[in-house]
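Since we're looking at a predicted model, the values are computed, not measured.
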Amino acid sequence: MKSKEISRLFDQIADALEFQGENQFKVGAYRKVARTLSEMAEDIEVIHREGRLREIPGVGEGIAQHITEYLETGKISKYEEELKKVPAELIQLMDIPGMGPKTLALANKKLGVKNLSDLKKAIENGSLAGIPGLGEKKVGNIRKGIARFEKVKERIPLGMALPLAEEIMTGLRGKFKITMISPAGSLRRMRETVGDIDILAGSSQGKKIVEAFTRLPMVKETLAAGDTKGSIITDEGLQVDLRVVPEKAFGAALQYFTGSQAHNVKLRGIAHKMGIKVNEYGVFRGEKLIAGQTEEGVYQSLGMQCPPPEMREDRGEIELAREGKIPRLVEIPDIRGDLHVHSRHSDGSGEIEEIAGKAREKGYQWIAICDHSKSARYARGLPEAEVLKVIEEIEELNQRLKGIRVLAGAEVDILPDGSLDFPDRILKKLDVVVGAVHQGFKKNVTGRMTRAMDNPYLKIIAHPTGRLISAREGYEIDIEAVMEKAARTGTALEINAHYDRLDLDDLNAMKAKKAGVKIAIGTDAHSVRMLDYMRLGVAVARRGWLGPEDIVNTWSADKIINWQKKQ
DNA sequence: GCCGTTTTCGGCCCGACTGTTTTCAGTCG
């Protein structure tokens, strides 16, 4: 995507300008457009061709020219100029925690620091600490910052961060009677990965709570500990920030620290024009507090609905909230069943009966067992005769079990020629057929998937892009073409809820809805415990602005079976 | 560099913590 590349260049221009002490709002202008471009669904070349560049928020005359130049010549002269003044190697040093543009400029000007090894030398021989304005402690912090910088700061998956946040909150609740405590930041917005964990508490005992926080068992290092704010590194190397605010300001603080930053900047801009100030202690008209106890109150005071945290990315939700048009998003209680679960018959670990029991416990009405098909040998895929036995087992279980219905499904491989791994005579016996590409990730995946959708038995495409958050980009695929075909054939696309997949992701889920495609959420659980990943899948759907009407999991078992049987 | 139901000029979100200041700058989120 060209918009991603342009976004990267703008970010680097922003870095270079910042280093040179350029006006922070000019820097911000580049950053804002970089962010918009990086998540834009529409093709930038189409926008350019239709003369609509200036309609992109934050794109004015100058930036429009840069974009045009890139699309016509493949480069941006402004970028080349800035890079000549400030080499990339130098810019990169700003990523060191504690090292901002000012400090770096000082080190560069006074000591000629040009790269990481220069910087290390300046620290070791004491010359950095000798610069006026810097001192031993500051240099000590930069030294620690370098250690973290070199460790390749990785973002951690939501599915790992959530339990850790819950553990920390439980630890604090055990020591204090805190009723108001919540995750904030990207964790509360349920982004697929988070860089750190933000936790907010409402209490008058800030200092004590921060102290207790820094003494929790998982704390390896304390970065900061004040009266209202603490910051620690866990033994796994993850940063956790805690803020404590008075109870009467909890709503305002929750709004504030949930972000996103872009959402808040826009919100505060609106408040400003209304003569209102919003900060983490409340909403103020002059000196007078007009809201702050609850988040709803904060938004209400600005004449808006309160958008769910998952929507707060400045993707148009503020405009909707002002018009009172925030959609009803899908919620966990809407989910009647899981559409992608493996049992011990292929590569899962649970007995079907055990899985059904857990599904009932979760309040589901049904659960679809979808073991692998025969070509998926690495996953102990089932030959036809075995599938028939599993179907029989499920029929017998359904006679016996109360309060839950098991659907006999399969995760059928989409083969290199686009055909399915089971013949129609098997497929027609199943309650739900999920198709998936498990091999040949670079071999005409778009063509194979669209051809597979010509088979009327195929109802769901599992993990449609094949990406793994920690490991790989995914298939070479034209996802728009897949969505278009899915809409035409009535095939659903999956949000795979495994924490390392979350595939489709939020933006693709949003795109799918616009294309008229239904979404199926499947945990891809290989053990009973993994059925809990449903909350991650629902989170992605909510981040994609999907409602219960978009999600197949909200249907009854009969409706799903009818869907499968109807060709 | 962008933007306009206050403005085509003069704003642009806002506060905590740290360290080095003797009243505040830099960094971070």
Contact class for [X] vs. all strands (heavy atom < 4.0 Å): base, sugar-phosphate, or nothing?
X        : value
A/Ala225 : sugar-phosphate
A/Gly133 : sugar-phosphate
A/Gly98  : sugar-phosphate
A/Thr103 : sugar-phosphate
A/Val33  : nothing

Problem set entry | Pairing nucleotide - B/dT18, Watson-Crick or G-U, each distance under 3.5 Å | B/dA25

Problem set entry | Parallel, tilted or perpendicular, as decided by the 30° and 60° cut-offs, for the rings of A/Tyr30 and A/His66 | parallel

Problem set entry | OG1-CD1 distance between A/Thr103 and A/Ile142, expressed to the nearest 0.5 angstrom | 5.5 Å

For this session: Take atom CZ of A/Arg35 and atom P of B/dC2, then tell me their distance rounded to the nearest Å.
Result: 18 Å

Problem set entry | Whole angstrom value for the distance that separates P of B/dG15 from CG of A/Asp198 | 18 Å

Exercise. Does A/Asn279 have a side-chain nitrogen or oxygen under 4.0 Å from the phosphate oxygens OP1 or OP2 of B/dC13?
Worked result: no

For this session: Would you list the pairs meeting salt bridge (charged side-chain N to carboxylate O under 4.0 Å, His left out) in which at least one residue belongs to residues 163-180 of chain A, sequence neighbours left out?
Result: A/Glu166-A/Arg535

Listed pairs, N/O of protein and of nucleotides 8-12 of chain B, under 3.5 Å:
residue : atom : partner  : partner atom : Å
B/dC12  : OP1  : A/His272 : NE2          : 3.1

Exercise. Is the shortest distance from a Lys or Arg side-chain nitrogen in A/Lys229 or A/Glu280 to a carboxylate oxygen in the other one below 4.0 Å?
Worked result: no

For this session: List in chain and number order the residues that pass side-chain contact (heavy atoms from CB on, under 4.5 Å) with A/Glu319, two or more places apart in sequence or in another chain; answer none if no residue qualifies.
Result: A/Lys266

Exercise. Does a side chain donor of either A/Glu247 or A/Ser204 reach within less than 3.5 Å of an acceptor in the other side chain?
Worked result: no

